[in-house]
Every structure is written in C-alpha cells, then in structure tokens.
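For clarity, every value in this text was computed on a predicted model and none was experimentally measured.
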Amino acid sequence: MSEIVTETSNNGIQNFEPIVRYQKVSKSFGDTEVIKELDLDVAPAEKIGIIGPSGSGKTTLIRMLMTLEKPTSGTIEVDGELLWHKRVNGNLVPADEKHLRKVRSKVGMIFQQFNLFPHMTMLRNVTEAPIHVLGLSREEAEERAITMLEKVGLKDKLDQYPRQLSGGQQQRVAIARALVMNPKIMLFDEVTSALDPELVEEVLAVIKEIALEGNMTMLLVTHEMQFAREIADRIVFINGGTIIEQGPPEEIFENPKHERTQNFLRRFNKKN
Amino acid sequence: MWDWEFTISILPLLLEGLKITLIATFLAFGFAVVVGLLLAIASRSSVKILSLPVKAFIEFVRSTPLLAQLFFIFYVFPKFGLVLTPLVAGVLGLGLHYSTYLSEVYRSGIDSIPRGQWEAAKALNFSKARTWISIIIPQAVPPIIPVMGNYLIGMFKDTPLLSAITLVEVLQTAKIIGAQSFRYLEPITMVGVIFLILSYVSSLGVRWLELRLNQR
Amino acid sequence: MPFLLKGVVVTIELTVMAAILAFIMAFIAGFARLSKFAIVRGITQIYVEIFRGTSLLVQLFWVYFVLPFFGIELSAMMTGVLVLGLNYGAYASEVIRSSILAIPKGQTEAGIALNMSPSLIMKRIILPQAMLIMLPPLGNYLIELIKSTALVSLITLHDLMFCGTMINNVTMRTIEVYSLVLIIYFLLAYPLTLAIRRLEKRLSAGRL
Ligand SMILES: Nc1ncnc2c1ncn2[C@@H]1O[C@H](COP(=O)(O)OP(=O)(O)O)[C@@H](O)[C@H]1O
Ligand SMILES: [Mg+2]
C-alpha cells in the first residue's frame, strides 16, 4: 500500500474547508467490499473528475453522497454536517429520513439513464420538485424551470414528453431538472455513456457551461478524458474501491506516477 | 364449539365427495387440453369459415359465467334429446369453459415460435399436419406447462359449481351433511381446508415445474 | 322478462359494490405485501393464500351457512359483496404489487435526488406509472368478477342467474330462458372486454 500516492501531497488545492468529506468510508454488497476505507475531501466549487475501470466503485462512491447507497462504515460530511449520522450527546447515531432529506437538499445528481419521469411533460419534469419539495408556487416554479430549460437550450420542448425527445435532449432536461433545485454539489454519473456518439457533444457543452459559471461543486464520473481534462481541477483515479492516485489533470494524464494509472490510461487510449 | 368427533366421523364421506371432485377435475382438464389445442389451431386457420366461428365461440364462452353454461348444458341439451348425467354435463361444461382459456395459452406458446421454424418446415416440404405434430407442438407446449398447471388448479377450485347441477361432489356432500345434522361449521370448514391444502401443494408443484423449465 | 331485468339490476349492483371492495382490498394488500415489516407481509400473505387457495363457492357457503353459527348473519347480498370483494382483492393484490415493482428503480432514485419524500415519490412518480400497467389486468379481473356474481344465486341472491332459474321453473321454457341469460351476461361482459383490449393496444403503443 505504501506505493499509493497520499492525498494531501498531491492535491490541486490545499488548506480548504471541505464541502464534502469522505472519511474511512467502506461499502460492501454482501461479502464483496467495493469501497475500501476511502478518504476524499472536496473543496467548495471544486470540479473533480473521477476516472477508473468499470466496476471500480465510482458509481457507488457518488451514490453514497446522494443517499442512494448506505456506507457500511465511515462517515461522509456535506457542508460541515454529517450525512448518514447524527450526533446525539457526542455519540454518532444513524440519521433518520428527516435528517437525510435536510442534508441531501444540497446535493443533486444526473444519471447515466436520465431517469426522466415518462408520464410528465418536460416542463412538469422540471417543476415537479420545486413545487412539491421547495413549496414554490406554480408560476414561480415554471418561471425558474423555463430559465433553466433555456440554459440547456430546450425552451421550445416544454410540452413534449420524454419519449418524443432524443437522448441528448432528455439528458439536458435532466440537467435542468437538477439545476432548478439549486444544489451546491452536483454529481454526474457517466452522463453521456448511454448516448449515441453524435449527441455527446451537446450534453458536454451544457455541463461545461455550468462548470465555467464557477460556484458549483461538481463530482463527475466520466470516460470522456478530454472533457475531464478541460473542466476538472483535480482528477481522482479509482481502482478496486480505493483512490490510487489523484492530482491536477495535466499531471495525471501526462505523467501518471502509479503503474495502475498508467496501465489504465494506456489501455483506454488504445481502445479509443 | 368445534366438534372433533363429528369432524372425524364425517371425514370419510367428505373424502368420498372429494373423489368425485378430483375425477371431474381431471376428466375436464383432459378434455380442455385437447379441445383447447384444437380451438387454437382452428382459430389460426386461414380458412375464414372455420376460424371466425371458432373465434366467436371462444369470445362468447369466455364472456359468460360457467354456472350459466352448466345450466344450459344440463337443462337445455335434454330438450334436444341429449340427456346427460350430472358428471358428464359437468365435465363437458367445465372442460369447454377452460378449453377457451387454454386455447389462448396455446396461442401464446405457438406465437412465440420463430417464423423460421414454419419456413424450415415448408422448405422440407412437410405437410400441414406434420408441421404441427413434429415441429410446432413439441416446441410450443413445454414452456406453457406451468401456466396449464395453474389452470388445472383453477378448474379444481371451480368444480364445486357442479353441485348446482346436482353432482354430489365434496361441497354438495358437505351441504347435505349440514342439512341433516344442522351443523354446517365442520363440514364446510373442512371442505375449505381440503381445498386450501390441495391447491397450495399443487401451486408449489407448479412453481417447482417453472423453476425446472427455466433451468433448461 | 321484467323479472329478468330486475335480476340484471341486482347483478350490476353486486358487481359494482364487490368491485369497489376488491379494489380497496387489492390496494391495501398490495401495499402491505411490499411493507418492510415481516409481520405485515406475513399476515397479508395468509389472507391472500386463504382466499386464493379455497374455492369461491366454498367461501360463499362458509360465510352464508357457517357464520350464523357464530351469531353473524349476513344477507345474501352482503355475503356476495364481502366474499367476492375479499376474494378478488386477494387475486388483484398481486397485480398492484407487481405493477409497483415494475417501475424502474431509477424513477425512485431520481425522486430521491430531487429530495422528494417517500410518500411524494409514491404518489406522483410511481403510482401514476404503475396505474397504467395495472389497468388491463384489473379490467380482466373485473370481467371475471361479473361472471362470478352468478355464483351468489346459489345462496339465493335474486340476481340474473337466480331469476332465470325461477322463470324456468314457472314457465318451463328452458331453451329461451337459459339462452337469454347467457346472452345478457355476454352483453354485460363483452363491451368491457373490448374496452380493455383497446386500452391495452393504446398502452402498448405508448400513447395515453
Ligand atoms: N446493488 C449492488 N449489489 C451488488 N453489487 C453491486 C451493486 N452495485 C454495485 N455493485 C458492485 O460493486 C462494484 C462497483 O460498482 P460500481 O460502483 O457501479 O462501479 P463503477 O461505477 O466504477 O463501474 C461492481 O463490482 C458492482 O458489480
Ligand atoms: Mg458506474
């Protein structure tokens, strides 16, 4: 294990108050441990590209932050608050649904398969949560929704249903739907993997635009290396449920220190 | 309240009735398996004069109550000189009713056979009958066996209706015992228990069959 | 003939009331079988197995002839509504359960990612989609239910079947009476069959 490059020495950014902090987080499905005592600090507004071979635990890592998977052990903090635990008289106790909902209001997620609501129009897909979760009026929610749909370039598709749209358009609606909730942290899980090649670019362009606005913290699991290199402040390479190497994109892509990172990138480049 | 001695004393009578129930069930099932297949084949025929009436018959039988059909067979057929015993009328009614359901099951099995199989049979110059017997049926039937098992259980649970046309099966036996002894509690409850046990065990059997077929 | 029509009214009344009870029971039992509490699931399973495992007519007889033994005397109509409702509720609970399970997990996860509460996710995301899946099989059960109401004539409810038999006993015009009974049942059930088929086609075409 000594060969693994430790986190702080190679961080792009240092001495920050993290907005997300994984501490000794492990996750098992049955007998197989897919995340192993993983530590990761994310600075506010930082863009992190998470790369690694398939099955290495990337999805699981960010799903735990979205409260879709429960860590087997360890703690995750979001904006200074424990996510899966509450402190009662100095002891950590498992969080209840109310606490989870409070903390996860700061997090949003875009899925590989879009997961739009097929029985709702595009506009309703985007207004549903603002109205019923944030308690906005319909007018206000629609106003915000239309602003967001404009931002992703889809303001003329308001009354269409998901199945009437291309995959790229659907994914952009999914991005608008997440943005409208105004999360501080946004998670992207291989959001272009399910798209036809010619539709990838339009989705990446939207994400890039959000990234350039600057203030949103972003964790992006991706196989789009060029894209990751352009927008990420830091690249995290995961293999076998642990962080093998991390650092600024130039360093990881040009000059990976760890053998497994080198192998992964070499194989990856050959494939493409 | 519950009289065990009475329960045990009526058990042989109930089992006698159960025998009739089971005989009726299996006879009707055998009838339905054969007629259902014939209906399925006929309704697929390209000869409209055959397929249309068969389809209409299936629709009609499926949209009317078994009980009404049983009365029709038992009381109307004799008017045309066809006097049937309760068992024969019951088997005929139950079997015919379920044959329309089974024809649907066969249809789904037949539809799931790839077109290439029909074409291959044609290429080998098989006759129509030969194609059905050697190619289609052997492939269509195994996957639908569990569904047919479920229909067998369904028929078993419908045989008490035959009591309405005076067949003394298990429920009718219980009713007679009840009328004579003024105790309905034990006989009818026992009939319920018998049905519960038999259909539960057979549904486990069907599930086992399903698993085995899926493994292959 | 007017007598027969009275029977038709009773048959329809029985169908409607039993269908409402069955629908309610199916929902309660369907959700209970998805409960995270093993006891709730267990009790529901027992309810479902009892009603599916014993014969409908046996259940009718049991309620009609045995319950008075415990001091509970129900009219034929009440018995019919209760037994048919509970019986079809047990069968249809499986439809409710499986339709809810058929909605992809991603839908729930999208709801969670939008910070929706579990009840909101169920009400606005899962159920509207599950309903579409449920409709055709529930419609088929409704047709089976209409046909099953004829059994209640055997515990003397004056429904269509019963009135038919009565008229036959008086007039002896067996052929006409029983043919007419069959045709009326067909007229009650078949339009529903056609409606469900249309619905199914539209649903599988992805419209609605
Ligand atoms: N719900 C689950 N149940 C069991 N195993 C799972 C589950 N989700 C993921 N895994 C396993 O965990 C490992 C990591 O999965 P994942 O986080 O999806 O990897 P990645 O996103 O890097 O491809 C894989 O081996 C996968 O099979
Ligand atoms: Mg993944």
* Non-hydrogen side-chain atoms of C/Ile175 and B/Tyr75 separated by less than 4.5 Å -> no
* Asked: Below 4.5 Å, heavy atoms only, C-beta onward: do B/Leu67 and C/Met161 meet side chain to side chain?
  -> yes
* Structure fact -> Rounded to the nearest 0.5 angstrom, the CZ-CG distance for C/Phe51 and B/Leu196 is 11.0 Å
* Are a donor atom and an acceptor atom from the side chains of C/Glu49 and B/Tyr200 found within less than 3.5 Å of each other? -> no
* Asked: Going from OG1 on C/Thr193 to CD on B/Glu59, what distance comes out if it is rounded to the nearest 0.5 angstrom?
  -> 7.0 Å
* Is the CZ atom of C/Phe37 crowded by more than 12 outside heavy atoms at less than 6.0 Å? -> no
* **Portion of C/Ser148 that has a non-hydrogen atom of chain B nearer than 4.5 angstrom** => neither
* So with a 6.0 Å cut-off around CG of B/Leu204, is the heavy-atom count from everything else above 12? -> yes
* To do: I would like to know whether C/Phe61 and B/Val191 meet side-chain contact (heavy atoms from CB on, under 4.5 Å); could you show each step before the answer?
  => CA-CA 10 Å; C/Phe61 277 22; B/Val191 172; over 6 Å; no
* **Minimum heavy-atom distance B/Lys157-C/Ser55, with the two atoms named** => O-OG, 2.6 Å
* Asked: More than 12 heavy atoms of other residues, nucleotides or ligands under 6.0 Å from CD of C/Glu176: is that the case?
  -> yes
* Under 4.5 Å from a heavy atom of chain C, the part of B/Ser202 involved -> neither
* Structure fact -> Between B/Ala164 and C/Leu154, the two heavy atoms sitting closest are CB-CD2, 3.7 Å
* Counting only heavy atoms closer than 4.5 Å, note whether C/Gln59 contacts chain B via side chain, backbone, both or neither. => neither
* Where is the tightest heavy-atom contact between B/Tyr184 and C/Val66, given as atom of each residue plus distance? -> O-CG2, 3.5 Å
* Heavy-atom pairs under 4.5 Å with chain B, option from C/Ile184, C/Thr54, C/Leu182, C/Leu57 with the top count -> C/Leu182
* Asked: Measuring heavy-atom distances to chain C, does B/Glu186 have an atom under 4.5 Å in its side chain, in its backbone, in both, or in neither?
  -> neither
* Pick whichever of C/Leu67, C/Thr174, C/Ile50, C/Thr165 has the most heavy-atom pairs under 4.5 Å with chain B. => C/Thr174
* Would you find more than 12 non-hydrogen atoms of other residues, nucleotides or ligands less than 6.0 Å from C/Ile72 atom CD1? -> yes
* Quick one: what part of B/Leu161 sits under 4.5 Å from any heavy atom of chain C, side chain, backbone, both or neither? -> both
* Structure fact -> NZ (B/Lys175) and CZ (C/Phe65) are apart, to the nearest 0.5 Å, by 5.0 Å
* Starting at OG1 of B/Thr64, measure out to CZ of C/Phe186 and round the result to the nearest 0.5 Å. => 8.0 Å
* Asked: Quick one: CG on C/Leu194 to OG on B/Ser63, what's the gap to the nearest 0.5 Å?
  -> 8.0 Å
* To do: Can you establish whether the number of heavy atoms outside C/Met131 located under 6.0 Å from its atom CE is more than 12?
  => yes
* Structure fact -> Okay, B/Phe77 and chain C: the region with an atom under 4.5 Å from a heavy atom over there is neither
* Backbone N/O of B/Arg62 and side chain of C/Lys147: donor-acceptor pair under 3.5 Å -> yes
* To do: Tell me whether the centres of the aromatic rings in B/Phe72 and C/Tyr178 are closer together than 6.0 Å.
  => no
* **Donor-acceptor contact present, side-chain B/Lys79 to main-chain C/Arg173, <3.5 Å** => no
* In Å, rounded to the nearest 0.5 Å, how long is the span from OG1 of B/Thr189 to CH2 of C/Trp62? -> 5.5 Å
* **chain C interface, residue from B/Ala174, B/Ser199, B/Ala68 that has the most non-hydrogen pairs under 4.5 Å** => B/Ala68
